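Take a look at the structure set out below.
This is a predicted model, so every value here is computed, not measured.
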Amino acid sequence: MSFTSHMDAALAEARAAAARGEVPVGAVVVAPGGAVVARAGNRTRELADPTAHAELLAIRAACAAAGSDRLPGHDLYVTLEPCPMCAAAIGFARIARLYYGAADPKSGGVAHGPRVLAHPQSHHRPEIYDGIAAGPAAALLRDFFADLR
C-alpha cells in the first residue's frame with residue numbers, strides 16, 4: 001500500500017478557519033482504508049468554546065461516524081503541532097498515526113512542552129510524523145497573525 005498524504009485537505013480546513021476569523025488550524029481524520037471520515041478547522045471563537053480545536057472537532061465527528069469512542073487504525077492530519085489538550089485526546093481516541101505540519105514551540109504538546117504522548121502515563125502512543133507541509137502551514141499562521149497586528 002502506498003502512502004497518500006491528506007495534508008492538503010487539512011490545509012484547506014485551515015484556510016477556511018482563517019476566513020472565519022479563527023486561528024488557521026485544520027485537521028482531517030482518515031480511516032484505515034484511506035477514506036477521509038472527518039475534517040474540521042478551528043471554531044473556538046464561533047462556538048465560544050475553548051475546546052473547539054480542529055483536532056477535537058475532527059475526532060468527535062470521526063467517533064460519531066464510527067459509533068465508537070476509539071479510532072484504532074485511523075490517521076490524523078493536522079496543520080499545527082497539537083496542544084496538550086488535543087494530544088491527550090489523540091491518545092484517548094487511540095489514533096494510530098499523527099501527521100502534523102508546523103511545530104509549535106510555545107504551545108505544542110507533542111514534541112514541545114509536556115510531550116503528552118511520550119509521557120509514561122500515556123496509555124497510547126501513536127506513530128508521529130512531523131514537518132508534513134510545514135512551510136505552507138507555518139505561512140498561514142504567520143500571515144494570519146501579521147494581519148491582526
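- Atom OG1 in Thr79 sits 12.0 Å away from atom OH in Tyr100 (nearest 0.5 Å).
- Judged purely by atom type and a 3.5 angstrom limit, Glu22 uses its side chain to pair as donor or acceptor with the backbone of Glu46.
- Enclosure of atom CD in Gln121 is not indicated, since only 12 or fewer non-hydrogen atoms of other residues, nucleotides or ligands lie within 6.0 angstrom.
- Annotation: the span from Ile90 atom CD1 to Leu76 atom CG amounts to 5.0 Å, rounded to 0.5 Å.
- Below 30°, between 30° and 60°, or above 60°: for Tyr77 and His6 the angle between ring planes is above 60°, a perpendicular geometry.
- More than 12 heavy-atom neighbours from other residues, nucleotides or ligands sit within 6.0 angstrom of CZ on Phe144.
- Formation of a donor-acceptor pair under 3.5 Å by the Glu81 side chain with backbone atoms of Ala111 is found in this model.
- The structure places NE2 of His112 at 13.5 Å from NZ of Lys106, a figure rounded to the nearest 0.5 Å.
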For residues 56-72, run the donor-acceptor check on the side chains, cut-off 3.5 Å, and write out each pair with its distance to 0.1 Å, sequence neighbours left out.
{"unit_1": "Arg60", "atom_1": "NH2", "unit_2": "Thr51", "atom_2": "OG1", "d": "3.3"}
{"unit_1": "Ser68", "atom_1": "OG", "unit_2": "Arg70", "atom_2": "N", "d": "3.1"}
{"unit_1": "Ser68", "atom_1": "OG", "unit_2": "Arg70", "atom_2": "O", "d": "3.2"}

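- Clustering ILVMFWY residues whenever any of their side-chain heavy atoms sit less than 4.5 angstrom apart, transitively, puts Tyr129 in a cluster other than the one holding Val116.
- Atom SG of residue Cys86 and atom CD1 of residue Ile95 lie 11.5 Å apart, to the nearest 0.5 angstrom.
- At a threshold of 4.5 Å between side-chain heavy atoms, the hydrophobic network of Ile, Leu, Val, Met, Phe, Trp and Tyr places Phe92 and Leu98 in two separate groups.
- Under a hydrophobic clustering in which Ile, Leu, Val, Met, Phe, Trp and Tyr are joined whenever their side-chain heavy atoms come within less than 4.5 Å, directly or via other members, Val78 and Val110 fall into the same cluster.
- Atom CG of Asp75 is separated from atom CD of Glu127 by 8.5 Å, given to the nearest 0.5 angstrom.
- Note that CG of Asp104 and CG of Leu141 are 8.0 Å apart. Values are rounded to the nearest 0.5 Å.
- A distance-only check finds no donor-acceptor pair linking the side chain of Asn42 to the backbone of Pro24 [under 3.5 Å].
- Residues meeting the ring-ring contact (aromatic ring centres under 6.0 Å, His included) test with His74, sequence neighbours left out: none.
- Side chain of Arg39 to backbone of Val28: no donor-acceptor contact under 3.5 angstrom is found.
- Side chain of Arg125 to main chain of His119: a donor-acceptor pair is present (N/O by atom type, distance under 3.5 Å, no hydrogens or angles).
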